[in-house]
Structures are given as structure tokens and as C-alpha cells.
Amino acid sequence: QVQLVESGGGLVQAGGSRRLSCAASRGAFARRAMAWFRQRPGKEREFVAAITWSGRRTYYADSVQGRFTISRDNAETTVYLQMNSLKPDDTAVYYCAADTRSYSSDLYSDDAMYRDWGPGTQVTVSS
């Protein structure tokens, strides 16, 4: 099991940038694909981005492609989400999650594929 804690949320103006971090307990982190999801007000949780255990491949939701970048540092057991050109519609609680499998090269947008979750961090984008 991987324990996860997100940080970096807060209030940002539209057009601005924010970087979220997700610190993981050691152990299985380096073997797991990681992902970011978000839950916007009044909506269900949705996929944002994912990255393989090696960091070589990434996968993005269409809504954030070209604006958000996911990355990871296995030595620091941390995954990041760099968010640029933020819009009010990006306002949400952002969660990081760890894949259920080890050393998989596949990336999924289905939250059922992720077993371990952080408590989330709120990002509010003002217009």
C-alpha cells in the first residue's frame, strides 16, 4: 500500500499557474503508475493525468492536454502536476492516486484501476 498526501492547492487567478505535489510513502511508489484526478463542484470525480512508473509515458484528459504536465521523482517519491493557463472551470479538489499494479506500462483513466488515494487538495481559480 502507498500512502499519499497532496499539497500545493490554493487560490489562483485565471491564466495563472500552480504546481501540485503528491508525497508518497516509500516502498511501492517507484513500481506504480500514478495519476491525478479531480472533482469539480457538483460533478463526479474525473481523470486528469497519469504517468508510468518509469516516467517515460504520460496520458492526459483532453480538457487539460497542453496546459497541465504530470511528472515524478522516484528518488523523492513525489509526483507533480504543473498546471498552466488555469481556467475557472479547473476549480476542483485534486487527488493523486497510485495504480494497483506494479511495473505496468499501461495507463488508465478509470479510477477503479487505482487503489491508493490521497485526501485531496483544493484548487480555486478566480475569474
Side-chain angles (χ1 to χ4, degrees):
Q1 188 173 3
V2 179
Q3 295 180 327
L4 305 169
V5 178
E6 303 91 342
S7 62
L11 178 64
V12 61
Q13 288 189 332
S17 298
R18 199 85 179 179
R19 188 176 82 155
L20 304 183
S21 300
C22 174
S25 58
R26 295 191 179 274
F29 175 84
R31 303 194 295 269
R32 302 283 182 85
M34 297 294 295
W36 286 94
F37 286 77
R38 69 184 182 186
Q39 187 164 18
R40 294 184 279 182
K43 298 188 177 182
E44 294 190 351
R45 187 166 60 190
E46 62 182 357
F47 171 77
V48 175
I51 188 167
T52 53
W53 65 273
S54 65
R56 293 193 184 101
R57 287 183 56 236
T58 56
Y59 174 38
Y60 296 93
D62 289 345
S63 59
V64 306
Q65 179 76 50
R67 299 188 299 123
F68 290 11
T69 302
I70 188 171
S71 61
R72 68 187 296 160
D73 184 336
N74 284 348
E76 296 296 325
T77 62
T78 302
V79 62
Y80 304 97
L81 185 69
Q82 177 67 43
M83 306 184 294
N84 299 328
S85 302
L86 282 162
K87 307 173 183 179
D89 200 40
D90 293 318
T91 294
V93 178
Y94 284 75
Y95 301 91
C96 67
D99 194 343
T100 57
R101 305 151 302 157
S102 294
Y103 299 121
S104 174
S105 60
D106 297 320
L107 295 173
Y108 295 93
S109 60
D110 183 352
D111 60 4
M113 299 303 292
Y114 299 89
R115 181 179 69 186
D116 302 309
W117 293 81
T121 186
Q122 174 72 47
V123 174
T124 301
V125 184
S126 63
S127 57

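In this chain, numbering begins with 1 at the start of the sequence shown.
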Engineer: Which heavy atom of V2 sits nearest a heavy atom of A98, and at what distance?
Structural biologist: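 Heavy atoms only, the tightest pair is CB-CB, 4.3 Å.
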Engineer: Which pair of non-hydrogen atoms, one from S126 and one from L11, has the smallest distance, and what is that distance?
Structural biologist: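 Distance-wise, the nearest heavy atoms are CB-CD1, 4.2 Å.
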Engineer: Mind jotting down which residue pairs meet the ring-ring contact (aromatic ring centres under 6.0 Å, His included) criterion with at least one end in residues 65-109? Sequence neighbours excluded, please.
Structural biologist: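 Sorted result for residues 65-109: W53-Y103.
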Engineer: Set out, in order, the CA-CA distance, both residues' side-chain angles and the distance that settles salt bridge (Lys or Arg N to Asp or Glu O under 4.0 Å) for D90 and R18, then state yes or no.
Structural biologist: CA-CA 11 Å; D90 293 318; R18 199 85 179 179; over 6 Å; no
Engineer: Any side-chain heavy-atom pair from R40 and D89 closer than 4.5 angstrom?
Structural biologist: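 Counting from C-beta outward, R40 and D89 do come under 4.5 Å.
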Engineer: Mind checking salt bridge (charged side-chain N to carboxylate O under 4.0 Å, His left out) for D111 and listing every partner two or more places apart, or none if nothing turns up?
Structural biologist: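 Result, salt bridge (charged side-chain N to carboxylate O under 4.0 Å, His left out) vs D111: R45.
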Engineer: Show the nearest heavy-atom pair for residues A35 and F37, with the distance to one decimal.
Structural biologist: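 Looks like CB-CE1, 3.7 Å.
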Engineer: Would a distance-only check, ignoring hydrogens and angles, find a side-chain to backbone donor-acceptor pair under 3.5 Å from R67 to S85?
Structural biologist: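 Yes, the answer is positive, given that a donor and an acceptor are paired below the 3.5 Å cut-off.
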Engineer: What are the two closest non-hydrogen atoms of E6 and G120, and how far apart are they?
Structural biologist: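 E6 and G120 have their closest heavy atoms at OE1-N, 2.7 Å.
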Engineer: Which pair of non-hydrogen atoms, one from L4 and one from A97, has the smallest distance, and what is that distance?
Structural biologist: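 The pair with the smallest heavy-atom distance is CD1-CA, 3.8 Å.
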Engineer: Quick check for you: to the nearest 0.5 Å, what is the distance between Q122 atom CD and Q39 atom CD?
Structural biologist: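 One finds 10.5 Å between CD of Q122 and CD of Q39.
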Engineer: Is any side-chain heavy atom of E76 closer than 4.5 Å to one of S21?
Structural biologist: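 Sidechains of E76 and S21: no contact.
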Engineer: Between M34 and V79, what is the shortest heavy-atom contact and its length?
Structural biologist: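 Here M34 and V79 meet closest at CE-CG1, 4.0 Å.
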Engineer: Out of T58, D99, L107, which residue meets the side-chain contact (heavy atoms from CB on, under 4.5 Å) rule with T52?
Structural biologist: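 With T52 as partner, side-chain contact (heavy atoms from CB on, under 4.5 Å) holds for just one option, L107.
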Engineer: Decide yes or no for Y60 and I70: does some side-chain heavy atom of the first lie under 4.5 Å from some side-chain heavy atom of the second?
Structural biologist: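 Yes, their side chains come closer than 4.5 Å.
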Engineer: Supply the atom-to-atom distance Q65 CD to Y59 OH, rounded to the nearest 0.5 angstrom.
Structural biologist: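 So the CD of Q65 and the OH of Y59 are separated by 10.0 Å.
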Engineer: Side chains of L86 and Q13, heavy atoms from C-beta outward: is any pair under 4.5 Å?
Structural biologist: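 When only atoms from C-beta onward are counted, Q13 and L86 do not touch, as no gap falls below 4.5 Å.
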Engineer: Quick one: do M113 and W117 end up in the same hydrophobic cluster if we chain Ile, Leu, Val, Met, Phe, Trp and Tyr together by side-chain heavy atoms under 4.5 Å apart?
Structural biologist: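 Linked within one cluster.
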Engineer: Look up atom CD in Q3 and atom OG1 in T77, then write down how far apart they are to the nearest 0.5 Å.
Structural biologist: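 The CD atom of Q3 sits 11.5 Å away from the OG1 atom of T77.
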Engineer: So R32 and D116, do their side chains get closer than 4.5 Å, heavy atoms only?
Structural biologist: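 Yes. Closest side-chain heavy atoms under 4.5 Å.
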Engineer: To the nearest 0.5 angstrom, please state how far the CZ atom of R38 sits from the OG1 atom of T91.
Structural biologist: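 One gets 9.0 Å once the value is rounded to the nearest 0.5 Å.
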Engineer: Are any non-hydrogen side-chain atoms of M83 and L20 less than 4.5 angstrom apart?
Structural biologist: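 Yes; the side chains approach each other to less than 4.5 Å.
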Engineer: Can you run down the disulfide bond (SG atoms under 2.5 Å apart) pairs that involve residues 65-127, sequence neighbours left out, and say none if there aren't any?
Structural biologist: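 Residue pairs with at least one partner in residues 65-127: C22-C96.
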Engineer: In terms of hydrophobic clusters joined by side-chain contacts under 4.5 Å, are V123 and L81 together?
Structural biologist: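 Yes, V123 connects to L81 through the hydrophobic network.
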